Engineer: 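The structure under discussion is supplied below as structure tokens; questions concerning it will follow.
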Amino acid sequence: VVAAGDVFNPPGNSAIADLTAGMLDKGTVQREKFAVAEVLEQTGATLNFGTGSHTLNFNAKCLRKDLPLVLGLLVEQLRTPRFDAEEFAKLKKQFAGRHKRNMEDTDFRAGGAFSRAIFPEGHPNRPPADEKYLADVEGATLEQVKAFHAAHYGPAAARIVAVGDVDDAAIDRALGTAFGGWQGGRAFPAMTKAPAL
């Protein structure tokens, strides 16, 4: 994880954290998205990104021998996303379409309404109204996404957990190489007592 979830969205736009995460698999400065996909396909590895209320979440699966390669690719995607304008326009349409489809699901609608009923304004677990989120996706700019990435992505609060048949020394070497010289990000905010509901 990295401290770059929805709670860090800039005032006035509830979709920037999601859109920033969505751009991570659209290519990097070093390779376009099809080259990234080819690396994963050739190794049989998977690599996924998504946002939660406080975090950008990522997970990967790979063979032991491919761990340094996949870790390197993960950090390349985190550090240097391509931020292609055409891909961003497509992503916004995909996000809007997916959200509209979700709005046809009664469970999704009920869950959102329940969360908005029990969590007050400003609470990290309170989702935006559907219409607000769709408007925010439409109104988001690539410059906002780049600024969010610059402000929140970095090793300051990064947490990586490896499980399975792993070589600890190889992971340490791979992380040292991949994260070397990278600075930035921000720490998780201090937890405060939630107000009474």
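Quick caveat, the model's predicted, so the values are computed rather than measured.
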Engineer: Can you name the side chain to side chain donor-acceptor pair (under 3.5 Å) partners of T80, sequence neighbours left out?
Structural biologist: Q30

Engineer: Given side chains that start at C-beta, do those of P68 and R173 come closer than 4.5 Å, heavy atoms only?
Structural biologist: no

Engineer: If I compare all heavy atoms of R116 with all of R126, which pair ends up nearest, and what's the gap?
Structural biologist: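 Nearest heavy atoms, R116 then R126: O-NH1, 2.5 Å.
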
Engineer: Quick one: does T43's side chain get under 4.5 Å of L63's, heavy atoms only?
Structural biologist: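 Contact flag for T43/L63 side chains = no.
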
Engineer: Please report the shortest heavy-atom distance between V75 and A178, naming the atom on each side.
Structural biologist: CG1-O, 3.3 Å

Engineer: Check ring pair (Phe, Tyr, Trp, His ring centres under 6.0 Å) between F179 and all other residues, then give those that pass, not counting sequence neighbours.
Structural biologist: W182

Engineer: Using side-chain heavy atoms (C-beta onward) and a distance below 4.5 Å, is L69 in contact with V39?
Structural biologist: yes

Engineer: Could you tell me if the side chain of F58 sits less than 4.5 Å from the side chain of Q77, heavy atoms only?
Structural biologist: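 SC-SC contact between Q77 and F58 ruled out.
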
Engineer: Can you list every pair that meets salt bridge (Lys or Arg N to Asp or Glu O under 4.0 Å) and has a residue in residues 28-42, with sequence neighbours left out?
Structural biologist: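 Of all non-adjacent pairs touching residues 28-42, those that pass salt bridge (Lys or Arg N to Asp or Glu O under 4.0 Å) are R31-E76, K33-E87.
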
Engineer: Taking ring pair (Phe, Tyr, Trp, His ring centres under 6.0 Å) as the definition, give me every residue that meets it alongside F83, ordered by chain and number, with sequence neighbours left out.
Structural biologist: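 Result, ring pair (Phe, Tyr, Trp, His ring centres under 6.0 Å) vs F83: H149.
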
Engineer: Minimum heavy-atom separation for S53 to N125, with atom names?
Structural biologist: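 Heavy atoms only, the tightest pair is OG-OD1, 3.8 Å.
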
Engineer: Side-chain heavy atoms under 4.5 angstrom apart, residues restricted to Ile, Leu, Val, Met, Phe, Trp, Tyr: same cluster for V166 and L74?
Structural biologist: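 Yes, V166 and L74 fall within the same hydrophobic cluster.
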
Engineer: Quick one: closest heavy-atom pair of A156 and G185, and the distance?
Structural biologist: CB-C, 3.7 Å

Engineer: CD of Q94: more than 12 outside heavy atoms within 6.0 angstrom?
Structural biologist: yes

Engineer: For the residue pair A140 and F88, what are the closest heavy atoms and their distance?
Structural biologist: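 Closest pair (atom of A140, atom of F88, distance): O-CE2, 3.8 Å.
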
Engineer: Side-chain polar contacts of residues 7-23 - donor-acceptor pairs under 3.5 angstrom, sequence neighbours left out - could you list them?
Structural biologist:
| residue | atom | partner | partner atom | Å |
| --- | --- | --- | --- | --- |
| N9 | OD1 | I16 | N | 3.2 |
| N9 | OD1 | A17 | N | 2.7 |
| N9 | ND2 | D6 | O | 3.0 |
| N9 | ND2 | S14 | O | 3.0 |
| N13 | OD1 | A15 | N | 2.8 |
| N13 | ND2 | D136 | O | 3.0 |
| S14 | OG | D136 | OD2 | 2.7 |
| D18 | OD1 | T51 | OG1 | 2.3 |
| D18 | OD2 | Y133 | OH | 2.8 |
| T20 | OG1 | I16 | O | 2.7 |

Engineer: Who else is in the cluster with V161 when I, L, V, M, F, W and Y are joined by side-chain contacts under 4.5 Å?
Structural biologist: V163

Engineer: Just to verify, what does F148 make a ring pair (Phe, Tyr, Trp, His ring centres under 6.0 Å) with, not counting sequence neighbours?
Structural biologist: H152

Engineer: Considering only Ile, Leu, Val, Met, Phe, Trp and Tyr, and joining two whenever side-chain heavy atoms are under 4.5 Å apart, list the other residues clustered with F34.
Structural biologist: none

Engineer: Identify whether V145 and F95 are in the same connected component of the hydrophobic contact network (ILVMFWY, side-chain heavy atoms under 4.5 Å).
Structural biologist: yes

Engineer: Test: salt bridge (Lys or Arg N to Asp or Glu O under 4.0 Å). Region: residues 101-110. Which pairs qualify, not counting sequence neighbours?
Structural biologist: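 Sorted result for residues 101-110: R109-D130.
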
Engineer: Just wondering, do L24 and L78 contact through their side chains at under 4.5 Å, heavy atoms?
Structural biologist: yes

Engineer: The criterion is ring pair (Phe, Tyr, Trp, His ring centres under 6.0 Å); which residues satisfy it with F108, sequence neighbours excluded?
Structural biologist: H99

Engineer: Not counting sequence neighbours, list each pair that qualifies as a salt bridge (Lys or Arg N to Asp or Glu O under 4.0 Å) and has a residue in residues 48-68.
Structural biologist: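 Of all non-adjacent pairs touching residues 48-68, those that pass salt bridge (Lys or Arg N to Asp or Glu O under 4.0 Å) are R64-D165, R64-D167.
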
Engineer: Partners of N57 by side chain to side chain donor-acceptor pair (under 3.5 Å), sequence neighbours excluded?
Structural biologist: T55

Engineer: Could you pull out the closest heavy-atom pair between V137 and A96, with the gap in Å?
Structural biologist: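 Reported closest heavy-atom pair: CG1-N, 4.4 Å.
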
